[in-house]
Number of protein chains: 2
Amino acid sequence: MSSKEKREITINDIAKELNISPSTVSRALNDNAKISEATKKKVKAVAQDLGYELNLVASSLSKNKTNVIGVIIPNIGSQFFAQALSGIQEKARENGYNVIICQTNESVEQEKEMTRVMNSARVDGLVCCLTMETKDVSHFGVFEKKGIPVAMFDRVSYAVPGPKIVVDNYEAAYTATEHLINLGCKRIAHLGGVTSSKVFSDRIEGFKDALSKNDLPLMPQFLLSSDLTEQDARDAMRIWLNLPEKPDGIVAASASSGLVIASSAKSAGLDLPEELSIISLGNERCNEFVTPSLSAVDMPGFDMGKTAITKLIECIKEEKVDSSITLKPIRLLIRNSSFKHK
Amino acid sequence: MSSKEKREITINDIAKELNISPSTVSRALNDNAKISEATKKKVKAVAQDLGYELNLVASSLSKNKTNVIGVIIPNIGSQFFAQALSGIQEKARENGYNVIICQTNESVEQEKEMTRVMNSARVDGLVCCLTMETKDVSHFGVFEKKGIPVAMFDRVSYAVPGPKIVVDNYEAAYTATEHLINLGCKRIAHLGGVTSSKVFSDRIEGFKDALSKNDLPLMPQFLLSSDLTEQDARDAMRIWLNLPEKPDGIVAASASSGLVIASSAKSAGLDLPEELSIISLGNERCNEFVTPSLSAVDMPGFDMGKTAITKLIECIKEEKVDSSITLKPIRLLIRNSSFKHK
DNA sequence: GCATCCTATGCAAGCGCTTGCATTATTTAT
DNA sequence: ATAAATAATGCAAGCGCTTGCATAGGATGC
């Protein structure tokens, strides 16, 4: 029953077959210039015949590079990250890199563990998006020390060198808020993320500034900060809808919380967008399908992932360290959840 | 500017430091029973001090196992696959496996390419979900020959040995269709996937049988088969809504096509669910947020992924070949898009 | 007190590939 | 025709770790 695992075909087998040395075979397969076309042809033919397939493990060991890129992201479930991942994959494959992926589930502990794994796996480079809670980034120190480039996107830390691909979160929130203001909203609330994360504190700043620049008061109870879980969004709505003066506009710090907020508002019997305009920071496919369709500021996930890995690969190939910051443009998508008031 | 990559710390460094042999160090680090507790302690301490981290590449080469599992799926963007991936990841990590992931984007060519890559990477096992088009599965032959287990879920081929995790697609469609029938629908249409895929042909069969068992006619124009893209769904709706006798119930073969169908119906001015009931085969989070919320048959993605890798790991560890078929239960989720007629 | 047995450790080969250097065969220049 | 350069291939070490077998003490048995 146990399958008799036959020995792998190696370059030695090819060498023996042709009565040449393994090194010649290796060079032939790698199209080394010093090998004659004739032998290359022969070697490749025999390799084909024997069903030879390069052992990447052995190759990695001797070349001291693995051709794999590690990816650390909070979670694959979010559409933003799924898109980023697609962008990463695509470019990686194009360049002959394999990708090993880990999720942190927003846990700093797991993030640390993942860096250890990536280090052990001797990845040639790393692209990651930090958890919302990550403050201390010393676990990325190993890579700097060993000269392994680390590209970060979205949730980044400028304390670790390497390319950064970000979006202007201040602008995103500012634009979204101003959009609601232009629509005539006067009492605008914001469900924000944890303030320890720059992404979310920037959004909160953008929100605040948009209000003050437009001479609207910031009502303290209208600025809530949370982990942005579904329950958090529901709780926020419960609070807001019980206020004597309910908000007439809400800026949600994430796509998913925006969805929940809209849904809660509708269940509470509110007329959207007449009584309440909603816009979320982050767009998901679903936003188009709900009623009313949800306005959003779109963050270009695919593009960010793709740029991150593109820069990473440059760093790897040219053995340079590039700590440039790339700012990706965002798009205001006006849909039916935000509506001219009064 | 070029970072002076210092040599890696190896077990030899530890050995030298302690004046013992590298083999002892290796065994100590692996908690080999023949090594005294005393030396284990010393070795680990020094390893810690020096910042030693096992080189998995070297380890893999000498052990002839990599501790990585390859995953081949059509695309990460779909929620079903994202969930499956999460299940796979979780279990893999628990067991100390790394996961390398590739998307085929429903291209058979890419699927073949990916098997080559996985083979080169010498993965210890493979879990995959075939493309909709895959008929010939000879590219999986290498793994069988080498005794590398391959677990398949959802879109599987019984022509390749290994654990299969599936759902009864016939039943899913049958149940969904019968649900609409029970609601009083008389003119039920089905937007199906490509018939070359067992998943979708089973669904079509289930749909047909539910109709005939309930003495409802199958109107030929009510059974459409497609790639299930957004455009396909839109096209189908255009056809159906232009019919003199429009359908009063639709079974969509995928979550995303269901969403598009519902959205098209609403734009066309139909009253959902009064004039048209909709149910989709496959559930997404979004289904709860749209109006009306979309009924669906839920396919347990996370669970399927998790079971697939669990069985795979068993095969790896026990060096057995298990071609069992695991049938995962589906759930009928009745929401507001399907509604008592008449 | 000597043969016997553990216990803990070391030796060295080997995993499959790459690569600097040496070597041989073949041209080219003089 | 001979030195010098060039082209094509081979040798052997090395990547870092694992592991079968050998070995050296120390404990045990009678």
Side-chain angles (χ1 to χ4, degrees), chain A residues 5-44 46-47 50-68 96 119-124 146 148, chain B residues 5-44 46-47 50-68 96 119-124 146 148:
Chain A
E5 337 212 347
K6 39 176 65 166
R7 221 178 40 70
E8 304 267 0
I9 307 291
T10 74
I11 52 171
N12 294 300
D13 298 322
I14 303 180
K16 239 158 251 166
E17 184 78 19
L18 287 168
N19 244 296
I20 59 180
S21 88
S23 44
T24 302
V25 174
S26 171
R27 290 189 175 104
L29 292 173
N30 288 302
D31 270 324
N32 184 303
K34 322 232 76 179
I35 300 295
S36 72
E37 283 308 317
T39 50
K40 276 186 193 172
K41 210 141 290 172
K42 277 189 292 182
V43 167
K44 286 176 184 171
V46 175
L50 265 44
Y52 170 81
E53 197 77 42
L54 172 66
N55 185 329
L56 273 184
V57 180
S59 172
S60 297
L61 181 60
S62 66
K63 292 207 290 196
N64 195 29
K65 62 186 292 271
T66 53
N67 255 275
V68 355
N119 181 23
S120 243
R122 299 297 193 264
V123 294
D124 289 347
K146 299 182 19 178
I148 307 287
Chain B
E5 338 213 345
K6 37 175 67 166
R7 222 180 36 73
E8 305 267 0
I9 308 289
T10 74
I11 52 171
N12 294 300
D13 299 322
I14 303 180
K16 239 158 250 167
E17 184 77 19
L18 286 169
N19 243 296
I20 59 180
S21 89
S23 44
T24 302
V25 174
S26 171
R27 289 188 175 106
L29 291 173
N30 288 302
D31 271 323
N32 184 304
K34 321 232 77 179
I35 301 293
S36 72
E37 283 309 317
T39 48
K40 277 185 193 172
K41 210 142 288 172
K42 278 188 291 183
V43 167
K44 286 177 184 171
V46 175
L50 265 42
Y52 170 82
E53 198 78 43
L54 171 66
N55 184 329
L56 273 183
V57 180
S59 172
S60 297
L61 181 60
S62 66
K63 291 207 291 198
N64 195 28
K65 61 187 291 271
T66 53
N67 255 274
V68 355
N119 181 23
S120 243
R122 299 297 193 262
V123 295
D124 289 347
K146 298 181 21 177
I148 308 287

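Throughout, protein chains are lettered first and strands after them, A, B, ... in sequence-line order, and every chain is numbered starting at 1.
Rounded to an integer number of Å, the gap from CG of Leu61(B) to P of dC17(C) is 9 Å. To the nearest angstrom, C1' of dG10(D) lies 15 Å from CG of Leu18(A). Per the geometry, NZ belonging to Lys65(A) stands 17 Å off P belonging to dC17(C), to the nearest Å. Look at NZ on Lys63(A): it is 17 Å from C1' on dG16(D), rounded to the nearest Å. For the pair Asn12(B) CG and dC11(C) P, the interatomic distance rounds to 12 Å; values are reported in whole Å. Atom P of nucleotide dA8(D) and atom CD1 of Ile20(A) are separated by 14 Å, given to the nearest angstrom. Separating the CD1 atom of Ile11(B) from the C1' atom of dC17(D) is a distance of 5 Å, rounded to the nearest angstrom. Distance Ile14(B) CD1 to dG16(D) P: 13 Å, rounded to the nearest Å.
The closest side-chain donor-acceptor pair between Thr24(B) and Ser21(B) falls under 3.5 angstrom. In the model, Asn32(B) has no side-chain atom that pairs as donor or acceptor with a side-chain atom of Lys40(B) under 3.5 Å.
Nearest heavy-atom pair, Ile11(B) versus Pro22(B), reported as atom, atom and distance to 0.1 Å: CD1-O, 3.8 Å. The nearest pair of heavy atoms linking Ile9(A) to Gly51(A) is CG1-O, 4.5 Å.
Contact annotation: the side chain of Tyr52(A) approaches that of Leu29(A) to within less than 4.5 Å [non-hydrogen atoms, C-beta and beyond].
The C1' atoms of five pairs define one axis at each end of the helix from dG1(C)-dC30(D) to dT30(C)-dA1(D), and these two axes lie 40° apart (to 10°).
Nearer the 5' end of DNA chain C, as judged by each residue's closest nucleotide, is the contact made by Asn19(B), out of Asn19(B) and Arg122(B). With DNA chain C read from its 5' end, the first of the two nearest nucleotides for Ser21(B) and Ser62(B) is the one closest to Ser21(B).
In this structure, Lys44(A) places its NZ atom where more than 12 heavy-atom neighbours from other residues, nucleotides or ligands lie under 6.0 Å away.
Using a 4.0 Å heavy-atom criterion, one finds that Ser59(A) contacts the sugar-phosphate atoms exclusively.
Between the side chain of Thr66(A) and the backbone N or O of Arg122(A), at least one donor-acceptor pair lies under 3.5 Å.
Electrostatic pairing of Lys63(A) and Asp124(A) does not count as a salt bridge here, judged by no charged N lying under 4.0 Å from a carboxylate O.
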Verdict with reasoning, Ser23(A) to Ser26(A), per side chain to side chain donor-acceptor pair (under 3.5 Å): CA-CA 5 Å; Ser23(A) 44; Ser26(A) 171; over 6 Å; no
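Residues from residues 26-41 of chain B placing a heavy atom under 4.0 Å of any atom in DNA chain D, listed by number, are Ser26(B), Arg27(B), Asn30(B).
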